[in-house]
Amino acid sequence: MDITTVTSFRSARTRDDLALSPGEVVIAGGTWLMSEPQPRTTGFVDLTTLGWPDLELTEDGLRIGATCTIARLLAWVEHEAPAAWTSLALARPSADALLASFKIWNTATVGGNVCQAFAAGAMIAMLSTLDATALVWTPDGGERRIAVADLVIDNQATSLAPGEVLRALDVPMRALTGRVALQKIALAELGRSGAVVTARVDADGAAVFVVTAAVRRPRVIRFGRLPGAGELRDAVASAPGFYTDPLGSADWRRGVSVVLAERVRQGFAREVAA
């Protein structure tokens with residue numbers, strides 16, 4: 001897509017370069033920005049030139065740089081990540097749930113997927129399930145932290161204020177060693193996900209189920225232990241935000257989310273019984 005309104009492009013080298021002029025927007029992978037006209041955008045400011053590390057092991061867990069590509073994350077998980085960090089097995093099925101080819105993975109960034117805030121944003125599903133927090137740079141030179149599940153407030157809407165930039169996504173150590181699962185459904189074989197249910201069960205038995213794609217923002221449902229079928233069904237069915245669009249009705253999305261959640265629950269239950 002030729003973005004004919006854009007008349008300037010500059011590379012950010014320091015944090016001061018992130019002070020945007022009217023009409024400027026930050027860009028990293030740009031896979032969405034370059035996919036359709038941006039009539040109000042007159043300039044791009046490149047984040048990738050800031051040199052943020054893609055992935056860092058910290059005392060608190062894993063930090064994913066906002067400019068880390070999806071392909072780089074997958075390669076690291078498959079070949080370099082600590083074997084004990086079993087929850088990262090969610091990365092591959094999450095990437096597969098994207099309406100994008102592996103070629104897009106080489107350009108699209110994890111931070112971009114989060115900030116675009118599509119209901120079916122697969123990195124949002126993964127990071128919400130792993131209790132990740134977003135490190136946000138504020139325009140006054142400070143920073144703030146917010147759960148990824150709370151950063152996304154609606155379909156294509158986040159709580160980022162003007163001038164704020166997502167710096168990194170932090171996954172806590174306690175969430176990295178659980179068992180994880182993902183189930184999804186779409187009306188078309190290669191269509192956008194109509195409902196995605198992800199879940200994590202920790203060593204102490206605590207469980208978290210997350211519904212995305214079927215709802216306008218992530219719905220995180222927590223249990224002190226793996227729930228029973230009825231308890232999980234009621235919790236998922238009563239979640240707010242199921243919506244209707246050409247890819248599915250709200251009732252359909254609610255119904256299939258219940259079914260997908262039960263499939264995930266049964267999988268965990270079989271593992272416990274084995």
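Atom set for the values below is all heavy atoms of this structure, side chains included, hydrogens, waters and symmetry mates excluded.
Taken from CH2 in W137 to CZ in R167, the straight-line distance is 5.5 Å, to the nearest 0.5 Å. The structure places OG1 of T86 at 8.5 Å from CG of L176, a figure rounded to the nearest 0.5 Å. Between atom CG of residue L47 and atom CG of residue L18 there is a gap of 6.0 Å, rounded to the nearest 0.5 Å. To the nearest 0.5 angstrom, I70 atom CD1 is 14.0 Å from R72 atom CZ.
Side chain of R15 to main chain of G141: a donor-acceptor pair is present (N/O by atom type, distance under 3.5 Å, no hydrogens or angles). Although no hydrogens or angles enter the test, the distance criterion places no donor-acceptor pair under 3.5 Å between the side chain of T109 and the main chain of C68. Not one N or O on the side chain of T42 forms a donor-acceptor pair closer than 3.5 Å with the backbone of V6. Proximity of a side-chain donor or acceptor of T49 to a complementary backbone N or O of D46 within less than 3.5 Å is detected. Side-chain N or O atoms of N155 include one that pairs as donor or acceptor with a backbone N or O of A119 at under 3.5 Å. When atom types are taken as modelled, the side chain of E56 and the backbone of D54 share no donor-acceptor pair closer than 3.5 angstrom. S249 contributes a side-chain N or O that, together with a main-chain N or O of W252, makes up a donor-acceptor pair within less than 3.5 Å. In this structure, the side chain of T58 engages the main chain of D60 through a donor-acceptor pair within 3.5 Å. The closest donor-acceptor contact from the side chain of D150 to the backbone of I146 lies at 3.5 Å or more, if one exists at all. At least one donor-acceptor pair closer than 3.5 Å links the side chain of N113 to the backbone N or O of M123.
Residues C115 and T158 come closest through the heavy atom pair O-CG2, 3.5 Å. Closest approach of T69 and T107 over heavy atoms only: CG2-O, 4.0 Å. When all heavy atoms of A66 and L169 are compared, the pair lying nearest together is CA-CD2, 4.4 Å. Closest heavy-atom contact between L74 and A95: CD1-CB, 3.7 Å. Closest of all the heavy-atom pairs between T129 and A199 is CG2-C, 3.6 Å. Shown here for S238 and D234, the closest heavy-atom pair between the two residues is OG-O, 2.7 Å.
Residues R145 and D170 have side chains in contact (heavy-atom distance under 4.5 Å, counting atoms from C-beta outward). Counting heavy atoms from C-beta outward, W76 and L62 have side chains that approach closer than 4.5 Å. Residues T198 and S128 form no side-chain contact, since every pair of their non-hydrogen atoms from C-beta on lies 4.5 Å or further apart. No side-chain heavy atom of W105 sits under 4.5 Å from any side-chain heavy atom of T31.
Both the sub-6.0 Å distance and the 45° axial angle are not jointly satisfied by R265 relative to the ring of F209.
Clustering ILVMFWY residues whenever any of their side-chain heavy atoms sit less than 4.5 angstrom apart, transitively, puts L50 in a cluster other than the one holding V114. Two different hydrophobic clusters hold F118 and V26 under the rule that ILVMFWY side chains link at heavy-atom gaps under 4.5 Å. A single hydrophobic cluster is seen to contain both L127 and L182, as judged by linkage of ILVMFWY side chains at heavy-atom distances under 4.5 Å, directly or through other members. I64 and L135 are members of different hydrophobic clusters when ILVMFWY side chains are connected at heavy-atom separations under 4.5 Å. There is no path of hydrophobic side-chain contacts, each under 4.5 Å, that joins L55 to W52.
Look at E78 and R92 and you find a salt bridge, because one of the NZ, NE, NH1 or NH2 atoms lies within 4.0 Å of a carboxylate O, short of that distance. Between D202 and R179, no side-chain nitrogen of the basic residue sits less than 4.0 Å from a carboxylate oxygen of the acidic one, so the salt-bridge criterion is not met. Ionic pairing of R233 and E262 is not present here: no N-O contact between side-chain nitrogen and carboxylate oxygen is shorter than 4.0 angstrom. Salt-bridge check for D204 with R225: failed, with every basic side-chain N at 4.0 Å or more from each acidic carboxylate O. Using a cut-off of 4.0 Å between Lys/Arg side-chain N and Asp/Glu carboxylate O, D96 and K184 are scored as not salt-bridged. Salt-bridge check for R192 with D245: passed, with a basic side-chain N closer than 4.0 Å to an acidic carboxylate O. Between R253 and D251 no salt bridge is recorded (no basic side-chain N to carboxylate O distance below 4.0 Å).
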**Asked** For S159 and R144, what are the C-alpha separation, side-chain angles and deciding distance, and is it a side-chain contact (heavy atoms from CB on, under 4.5 Å)?
**Response** CA-CA 12 Å; S159 66; R144 67 182 179 96; 3.7 Å; yes
**Item:** Criterion side-chain contact (heavy atoms from CB on, under 4.5 Å) on L33 and Q38, from CA distance to verdict
**Value:** CA-CA 7 Å; L33 279 172; Q38 308 292 335; 3.9 Å; yes
**Request:** Apply side-chain contact (heavy atoms from CB on, under 4.5 Å) to the pair I27 and V45, showing each step before the final yes or no.
**Result:** CA-CA 6 Å; I27 187 171; V45 178; 6.0 Å; no
**Request:** Could you walk me through whether D131 and R222 pass the salt bridge (charged side-chain N to carboxylate O under 4.0 Å, His left out) test, one step at a time?
**Result:** CA-CA 11 Å; D131 289 338; R222 300 185 185 277; 2.7 Å; yes
**Request:** Apply side-chain contact (heavy atoms from CB on, under 4.5 Å) to I221 and V208, showing your working.
**Result:** CA-CA 6 Å; I221 307 169; V208 56; over 6 Å; no
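Using a 30° and 60° split on the angle between ring planes, F9 and F44 fall in the perpendicular class, above 60°.
A donor-acceptor contact closer than 3.5 angstrom is absent between the side chains of T14 and D16. Side chains of T138 and D140: a donor on one and an acceptor on the other come within 3.5 Å.
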Could you pull out every donor-acceptor pair under 3.5 Å between side chains of residues 210-219 and any protein atom, sequence neighbours left out?
residue, atom, partner, partner atom, Å
R216, NE, D154, OD1, 2.7
R216, NH2, D154, OD1, 3.3
R217, NE, V152, O, 3.4
R217, NH2, A149, O, 3.3
R219, NE, P240, O, 2.9

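Applying side-chain contact (heavy atoms from CB on, under 4.5 Å) to I185 and the options V256, V259, V197 leaves one that passes, V256.
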